[in-house]
Amino acid sequence: MRRAINYFVVTIFIGAVMIGCGAGDKGPAETALKGVDEAVTTAKADASKYLPEQAGSLDAQVAALRDKFNKGDYKAVLADAPTITAKAQEVASAAAAKKAELTKSWEGLSSGMPKVVEAIRSRVDILSQSKKLPKGISSETLAQAKAGLNQITEQWNAATEASKDGNLADAISKASSVKVKAAEVLTLLKMPVPEALKV
Amino acid sequence: MTLAPILSFDATQWHEVTKGETLWKIAEQYYGDGNLYPKIFDANRDVLKDPNKISIGQKLRIP
């Protein structure tokens with residue numbers, strides 16, 4: 001009986017020590033969670049736009065960490081926080097690199113495509129004034145080129161709007177359609193297709 | 001990271017003048033209508049002073 005009481009007392013003591021230790025970790029765990037939150041918020045500023053999947057993964061990791069904190073598993077919070085913070089920094093760097101890459105692509109497109117569109121418009125205007133079309137270009141071909149030019153203009157305006165809204169990936173995607181259509185129309189008009197439209 | 005090569009967006013069409021050609025003939029070739037030769041002349045004002053004077057080997061922009 002006495003031995004049983006001793007076991008009981010020892011068990012209670014160990015439990016109290018464990019709870020004491022856990023409670024002692026709460027402050028550092030709270031600080032670590034706050035640090036993770038800040039790192040993830042910073043990373044998501046660009047990542048949610050340029051690397052949405054990775055931004056979503058960071059959100060899930062923070063949610064799991066917060067869950068551990070709410071359940072009082074402070075040791076796990078302290079153990080996981082540095083990994084998530086490092087991941088957030090990694091995502092932030094990758095998002096910055098992606099943003100730089102897209103910005104460069106868009107700059108090339110926004111300075112080059114208007115020249116292509118203008119070349120097409122000029123040729124369509126001149127051919128529209130011609131009394132007889134050149135060899136290889138029928139009135140149907142010219143009508144197709146005109147319709148193509150209208151599509152190109154609309155798509156290019158949409159791409160420009162997307163870039164103004166800060167959606168570079170969307171702007172570049174729309175501009176890619178413009179490149180394909182412009183190459184098609186240039187070919188119809190027997191004009192040279194620039195290298196940039198061939199890729 | 002490898003940098004993508006900078007590719008040209010230049011869609012300018014050029015024509016190299018050969019023996020016996022006139023702006024009228026070149027306009028007829030590209031536009032089907034020789035009467036549109038002033039379009040070519042205007043686009044090449046930097047190298048042409050007179051639409052009746054073009055030289056063999058001259059490179060002209062075709063707008």
Side-chain angles (χ1 to χ4, degrees), chain A residues 93-94 96-98 100-102 104-139 141-142 149 152 156 172 175 178-179 182-187 189-199, chain B:
Chain A
S93 298
K98 185 77 179 166
E101 181 196 325
L102 292 177
K104 194 174 177 200
S105 293
W106 176 251
E107 281 171 1
L109 285 163
S110 61
S111 69
M113 277 313 294
K115 293 176 197 163
V116 176
V117 177
E118 197 39 53
I120 294 173
R121 190 184 310 285
S122 164
R123 183 61 62 91
V124 166
D125 286 349
I126 294 172
L127 290 176
S128 299
Q129 298 168 40
S130 181
K131 286 176 185 159
K132 185 187 162 204
L133 291 170
K135 199 176 163 185
I137 299 179
S138 64
S139 53
T141 310
L142 182 58
L149 176 61
I152 288 167
W156 181 248
I172 291 168
V178 177
K179 280 169 69 175
E184 212 177 287
V185 174
L186 286 166
T187 306
L189 295 172
K190 312 277 180 209
M191 292 172 75
V193 178
E195 286 300 314
L197 302 195
K198 293 177 184 170
V199 290
Chain B
M1 192 175 103
T2 52
L3 290 175
I6 297 168
L7 299 173
S8 171
F9 278 91
D10 187 7
T12 309
Q13 188 160 29
W14 294 92
H15 177 89
E16 188 170 340
V17 179
T18 57
K19 194 177 173 187
E21 282 188 324
T22 60
L23 282 189
W24 199 94
K25 279 188 180 175
I26 297 169
E28 189 178 40
Q29 179 186 333
Y30 289 97
Y31 307 145
D33 185 351
N35 290 311
L36 292 169
Y37 77 87
K39 303 284 183 190
I40 299 175
F41 178 61
D42 286 341
N44 292 279
R45 291 264 187 185
D46 54 335
V47 291
L48 297 178
K49 303 294 168 218
D50 182 337
N52 296 311
K53 288 180 184 168
I54 59 173
S55 324
I56 295 170
Q58 215 166 19
K59 287 183 179 162
L60 303 177
R61 256 179 243 107
I62 309 298

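Since the structure is predicted, the reported quantities are computational estimates derived from the model, not experimental observations. Chain letters run A, B, ... following the sequence lines, proteins first and then strands; every chain starts at 1. When reading the values below, keep in mind they use all heavy atoms of this one structure, side chains included, and skip hydrogens, waters and symmetry mates.
Contacts of A:I137 with chain B are absent, with no heavy-atom separation under 4.5 Å from either backbone or side chain. Neither the backbone nor the side chain of A:K198 has a heavy atom closer than 4.5 Å to any heavy atom of chain B. The part of A:A119 that comes within reach of chain B is its side chain, from C-beta onward, which places non-hydrogen atoms under 4.5 angstrom from that chain. Looking at A:I126, both its backbone and its side chain come within 4.5 Å of chain B, counting heavy atoms on both sides. Proximity to chain A (any heavy atom under 4.5 Å) is shown, for B:Q13, by both the backbone and the side chain.
Summarising the geometry, atom CG belonging to B:N44 is positioned 11.0 Å from atom NZ belonging to B:K49; distances are rounded to the nearest 0.5 Å. For the atom pair OH (B:Y30) and OG (A:S130), the distance works out to 15.0 Å, reported to the nearest 0.5 Å.
Surrounding OH of B:Y37 are at most 12 heavy atoms belonging to other residues, nucleotides or ligands under 6.0 Å away.
Contact count against chain B (heavy-atom pairs under 4.5 Å) is highest for A:K131 among A:K115, A:K179, A:K135, A:K131. Taking A:E195, A:M113, A:K132 one by one and counting their heavy-atom pairs under 4.5 Å with chain B, the maximum is reached by A:K132.
The pair A:E101-A:K104 does not meet the salt-bridge criterion, since no charged nitrogen lies less than 4.0 angstrom from a carboxylate oxygen.
Put simply, the residue from B:T12, B:D42, B:V47 that forms a side chain to side chain contact (heavy atoms under 4.5 Å, CB included) with B:R61 is B:T12.
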Step by step, would you call A:L109 with A:V178 a side-chain contact (heavy atoms from CB on, under 4.5 Å)?
CA-CA 10 Å; A:L109 285 163; A:V178 177; over 6 Å; no
